[in-house]
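Notes follow the structure.
Numbers restart at 1 for each chain; the letters A, B, ... are given by sequence-line order, proteins then strands.
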Amino acid sequence: MSATTRFCPSPTGLVHVGVLRTALFNWAHARHTGGTFVFRIEDTDAARDSEESYRHLLDCLRWLGLDWDEGPEVGGPHGPYRQSERHDIYREVAAKLLEARHAYESFSTPEEVEARRLAAGQDPKLGYDNADRDTTEAEKQAFRDAGRQPVLRLRMPDEDLSWTDLVRGEVRFAAGSVPDFVLVRGNGVPLYPFTNPVDDALMRVTDVLRGEDLLSSTPRQIALYRALTDIGVAQGTPRFGHLPLVMGEGSKKLSKRDPQSNFDVYRERGFLPEGLINYLALLGWSIADDRDVFSPQEMVEAFDVTRVSANPARFDLKKAEAINATHLRALPVEEFVDRVVPFLAGAGLVAEPPTAEQDRVLRAIAPLAQERMVVLSEAVNLLRFLFVDEVEIEAAAAEKQLAGESAVQVLDAATTALGELDGWSTAAIEAALKAALVDGLGLKPRLAFGPVRVAVSGRTVSPPLYESIELLGRERTLARLAAARGVAAG
RNA sequence: GCCCCCAUCGUCUAGCGGUCCAGGACGCCGCCCUUUCAAGGCGGUAGCACGGGUUCGAACCCCGUUGGGGGCACCA
């Protein structure tokens, strides 16, 4: 049965990984059922919303490949898709609710409510006390004359509210445990608990998948849905599925302030969209008991909300990286090159697009680099030596490999061997170096090649040595050996 | 405080009454391969929170306890 799901973030500040996990599950559910994925922006809080954040949200979804059927820049039959452009709709629905007596005007101030609770010997945390349900017209007029503006509240039904949650099963809240809540502020601005169900109803959303942090507001939404159905705005109540929270280090909800929650850092570090999707999917869902690497397409085929776990999930960077590394290694070489170029270009190492020579080198080194990287940004340090004239030798690398007494010997022997070499090929280079260093100097391979690697790449970690030397060419190789010898000799 | 959710290796999970002295993945620890670092291969470490039921039989069902989490706005 095809489902209509939606993703409805508010454009405030940074994009949280948990928010995108929610987007992913909604998208996967819609796609799996051959349904519709709606993207709506909930910008009803002018004080916190920003245009920049709005643009960024669209960019994140597009980057991940979560395409929407209805929403900003795409349109659809139920637009507009930004709540800031839907105020007339809310005003109209609010009036109908008031007229049908599902909602009523409430003049109590928060201070008055608290005072009443205290006077009754009750905890003020109980919230609003439904005291204004039966305010008479005369009383209302008196308040108005005194300059007070009422909020609009929904009259909650006097019965238990329950639903069958898509991920948790039966959930029930006792009658009377949820007070009448505010739909529209005194100044006429509609609130989230009102606009969200109204839009879902109007956009014909059938399945609402959202974070568990919204679980306790579901009874209110269900009550609102009944009222909306009664006045003909909704066609019934959607199904709800409350997804497990994404936790940070320790055991608290991954905060928006936590740097680990910022989606941008993963993108900037060079995570692959498919790698991140794969890992995010694992936060509450699994494709099979013996497999956890899969493509977005495979996820769509297999996704079943009903099998989502109800347990909170901790975000594990190590695992995210491992999953991403697997996707990175599985990339066709040309694809890998395409994705790595923006990072190299960003560091000023290659042109964008690369020159013919840069392209040749990249294609040659790519398969060797690919299997020793976890994220794309690592290519910058791993491959820098191939795209510069002179390398800067890392201090730690120099200390480790060029400080020993054999380093000068090794570099001299390598210089001689490579300087006289006929035919600059990987095989010839390997044979020459082994003959000169391992056989000639009688050194263990580990000792023999360490200084050469540092001389050539500037680092202790690099792509395979002989191939790297071949790509570097004789001239630059000999120059680097000479430069390193200077360092080694002190 | 009140309401609600959750409970299998350190972490993410498989398990939907017997096929589980609990499977996979990440991490961690060995070994192999090896020109560094990785990758890869092989092996290992580690878990059903506790107590009662129900049942011939419980990781799976029920109740309770404990523990963890979330929510209690004229924010979203």
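Cation-pi contact between R148(A) and F107(A): absent, since separation from the ring centre below 6.0 Å together with deviation from the ring axis within 45° is not met.
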Expected string for nucleotides 71-76 of chain B under the B/S/- scheme (protein heavy atoms, under 4.0 Å, primed atoms plus P, OP1, OP2 as sugar-phosphate) is SS-BBB
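Remark: E301(A) pairs with no residue by the salt bridge (Lys or Arg N to Asp or Glu O under 4.0 Å) rule, at least two apart or across chains. The salt bridge (Lys or Arg N to Asp or Glu O under 4.0 Å) check on D199(A) picks up R40(A), R86(A), with sequence neighbours excluded. Partners of D165(A) under the salt bridge (Lys or Arg N to Asp or Glu O under 4.0 Å) rule, at least two apart in sequence or in another chain, do not exist in this structure. Partners of R55(A) according to the side chain to side chain donor-acceptor pair (under 3.5 Å) rule, which considers only residues two or more places apart in sequence or in another chain, are E73(A).
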Protein N or O to nucleotides 26-32 of chain B N or O, pairs below 3.5 Å:
| from | atom 1 | to | atom 2 | distance (Å) |
| --- | --- | --- | --- | --- |
| C26(B) | O2' | K319(A) | N | 3.3 |

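Within a 6.0 Å radius of CD in E392(A), other residues, nucleotides and ligands contribute 12 heavy atoms or fewer.
Mapped onto RNA chain B by nearest heavy atom, E467(A) and E371(A) fall at different nucleotides, with E467(A) at the one closer to the 5' end. Residue whose closest nucleotide on RNA chain B sits further toward the 5' end, between R372(A) and D289(A): D289(A).
Heavy atoms of R453(A) sit under 4.0 angstrom from at least one base atom. Nucleic acid contact class of D123(A) (heavy atoms, under 4.0 Å, all strands): base. Residue Y466(A) is in base contact, counting any heavy-atom pair closer than 4.0 Å across all strands shown. Residue contacts for R210(A): at a heavy-atom cut-off of 4.0 Å it reaches no nucleic acid atom on any strand shown. G284(A) comes within 4.0 angstrom of sugar-phosphate atoms only, judged by non-hydrogen atoms across all strands, and of no base. Across all strands shown, T460(A) has heavy atoms under 4.0 Å from base atoms, whether or not it also approaches the sugar-phosphate.
Note on N311(A): a side-chain N or O is less than 4.0 Å away from OP1 or OP2 of A7(B). Between R329(A) and G40(B) there is a side-chain N or O to OP1 or OP2 distance below 4.0 Å. Within the structure, a side-chain polar atom (N or O) of R307(A) is placed less than 4.0 Å from OP1 or OP2 of G15(B).
In the model, N324(A) has no side-chain atom that pairs as donor or acceptor with a side-chain atom of Y266(A) under 3.5 Å.
With a 3.5 Å ceiling on both atom-pair distances, U35(B) lacks any Watson-Crick or G-U wobble partner.
For the pair R82(A) and E51(A), the salt-bridge criterion is met [side-chain N within less than 4.0 Å of a carboxylate O].
Remark: the backbone N or O of L214(A) is paired with a side-chain donor or acceptor of S217(A) at under 3.5 angstrom.
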